[in-house]
Amino acid sequence: MAGPSVLTPQNEDFPQWYQDVVAKAEMADNGPVRGTMVIRPYGYAIWERIQSAIDERIKLAGAQNAYFPLFIPESYLSKEAEHVEGFSPELAVVTHAGGEKLAEPVVVRPTSETVIGEFMAKWIQSYRDLPLLLNQWANVVRWELRPRLFLRSSEFLWQEGHTAHASARDASDYAMKIHMEVYNDFLEKVLAVPTFLGIKPPSERFAGATNTMTCEGMMRDGKALQMATSHELGQNFARAFDIFYQSEEGQAQLCYTTSWGASTRLVGGLIMAHGDDRGLVVPPALAPTQVVVIAVREDETVLTACQALHGELTAARLRALVDDGKRGSFGRRVTDWEVKGVPVRIEVGPRDLVQGLVTVVRRDTGEKAAVPVAEAPALAQSLVDDIQGDMWRAARDFRDAHTITVPDLDRAIEAAQTGFARVAWHEVGEEGEARLKAEAMTVRCLQRSDGTMPENERESGLMAIIARSY
RNA sequence: CGGGGAGUAGCGCAGCUUGGUUAGCGCGCUGCGUUUGGGACGCAGAGGCCGCGGGUUCGAAUCCCGCCUCCCCGACCA
């Protein structure tokens, strides 16, 4: 039934497989400047759906969208010592503009804590102004030495939330709320990627944060990908930018701030968490096209049947389109839709049609069924519903099968060659982290033994998740 | 920046060692025809500053010198 693979098989060369998928599914191209990325219409359609799903959740969590400038005075970055130290190696700095050398160089934002901090200070006067909950959708630039499409590009698109609160508790609760109700919910319900939730060890924290929460997903090659992060910034940025409020008692108090983000990297995560040797597999809740109706050949009866099916699918609020056969042989077109990962396809051919049948195929399992034309829309609908859950369970089972709890660091290093290792955090320590680095591994996150999110890395009984990562 | 590799058609490559007709192959692209139930086939086409600059030579993709760029591995990272 299946022809030879169009792509490099995953187990032969996973990075090459990834590049093949990005190219063949028409997701993105390299830009003319090293490290930049051109997102093609199909890749962008997926990003737009990621955006709207996340944006909807951000708004439910109470934050409002705003927009801050791309250019940031260089001096802003230096106001927070750890922040500038963390980012300076990857800054793009504009030194000339308008034909002249600038008095103060301007950096292209690598992230916006600093500018937003400046304006928070201006806007916040009283405890009544808190919490201040902002988000922006923007592009950011971090000059990368080893770029990879979607996973690590010098310019990327993301959402960055920035909030200010009256107390450490409020800030911490809100960062957690975003982590669970925006990121984890999106990853589970839309992207169908199960993750390990935890906090970063101090060595892996965001520059200037007091705590970083992460969602770590497992890719099909057993490596980890950080899919979203939420940071508690303590009073570090509030102090640097004078973000004060007057309390009910009339005293000036420093705010506590947070920041949180998810980027176009999620598209890379989608590819690597669900993809197989035939290409992308897109979960139905995310898919720009959920059902493709394929005419086996250009034939009036066939095309009429396709249009009728398309009408019914659309009426049932499924995102559907018709492949009318003008674009080449049947086999070629099927392969193209498979590479793009469309969840369900309905093949309409003259032979089946004589018997009143069409063939319905699901992308995730390849399972085919010949069903009466009249039943096809309902079947497509139920497959769309089933596939979403099945993909999540398949990804979870894969992750669990490749996650091993081990008693010590030696065995953790062994296990992390092929997946994730779970080991007591006290078995690692600073010395252990150095050993991991030598093995190209890191502590991806720390969690309690029951898998929940700890308050901080000093809690006793924490487990470390160790893996190779992107 | 350290270590490796490569620049020839949109993409992937051969040719270079030993200089010499009109620079070639696969895929893709255009036209026409036959096809179409898992990447169809035939015929006819289009497409090249052989990375850039200099040199040697009657003659350079090929030899010499200089430069530039890209890719892979490492250090940094959403």
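Below, chain A is the first sequence line, B the second, and so on; all start at residue 1. This is a predicted model, so every value here is computed, not measured.
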- Message: Quick one: does any side-chain atom of Arg109(A) pair with a main-chain N or O of Phe68(A) as donor and acceptor, under 3.5 Å?
- Response: yes
- Message: Just to be sure I understand the rule, does Thr111(A) reach a base, reach only the sugar-phosphate, or reach nothing, if contact means heavy atoms closer than 4.0 Å?
- Response: nothing
Which nucleotide sits closest to the side chain of [X]: [options]?
X: Arg351(A); options: rG37(B), rC72(B), rA78(B); result: rG37(B)
X: Arg345(A); options: rG38(B), rG37(B), rC72(B); result: rG38(B)
X: Lys437(A); options: rA75(B), rA78(B), rG38(B); result: rA75(B)

- Phe398(A) ring centre to Arg220(A) NZ or CZ under 6.0 Å, with the angle to the axis within 45°? yes
Considering every strand shown, what is the Watson-Crick or G-U wobble mate of [N] when both distances are under 3.5 Å?
N: rG31(B); answer: rC43(B)
N: rA23(B); answer: none
N: rC1(B); answer: rG74(B)

- Task: Could you check whether the rings of Phe237(A) and Phe241(A) sit parallel, tilted or perpendicular, using 30° and 60° as the cut-offs?
- Result: parallel
- Query: Pick the nucleotide of RNA chain B nearest each of Val339(A) and Gly86(A); which residue has the one closer to the 5' end?
  - Reply: Val339(A)
[N] versus [M] - spacing of their [atom1] atoms, nearest Å:
N: rC29(B); M: rC11(B); atom1: P; answer: 15 Å
N: rG55(B); M: rU62(B); atom1: C1'; answer: 15 Å
N: rA23(B); M: rC50(B); atom1: C1'; answer: 8 Å
N: rG4(B); M: rC63(B); atom1: C1'; answer: 25 Å
N: rC49(B); M: rC58(B); atom1: P; answer: 29 Å
N: rA40(B); M: rG48(B); atom1: P; answer: 29 Å
N: rC25(B); M: rG15(B); atom1: P; answer: 15 Å

Verify the contact: side-chain N or O of [X] to OP1 or OP2 of [N], cut-off strictly under 4.0 Å; return yes or no.
X: Lys24(A); N: rG28(B); result: no
X: Arg146(A); N: rG74(B); result: yes
X: Ser329(A); N: rA40(B); result: yes

- Query: Whole Å only: how far is the CZ atom of Arg152(A) from the P atom of rG74(B)?
  - Reply: 10 Å
- Query: Step by step, would you call Glu338(A) with Lys24(A) a salt bridge (charged side-chain N to carboxylate O under 4.0 Å, His left out)?
  - Reply: CA-CA 10 Å; Glu338(A) 267 180 348; Lys24(A) 293 265 165 71; over 6 Å; no
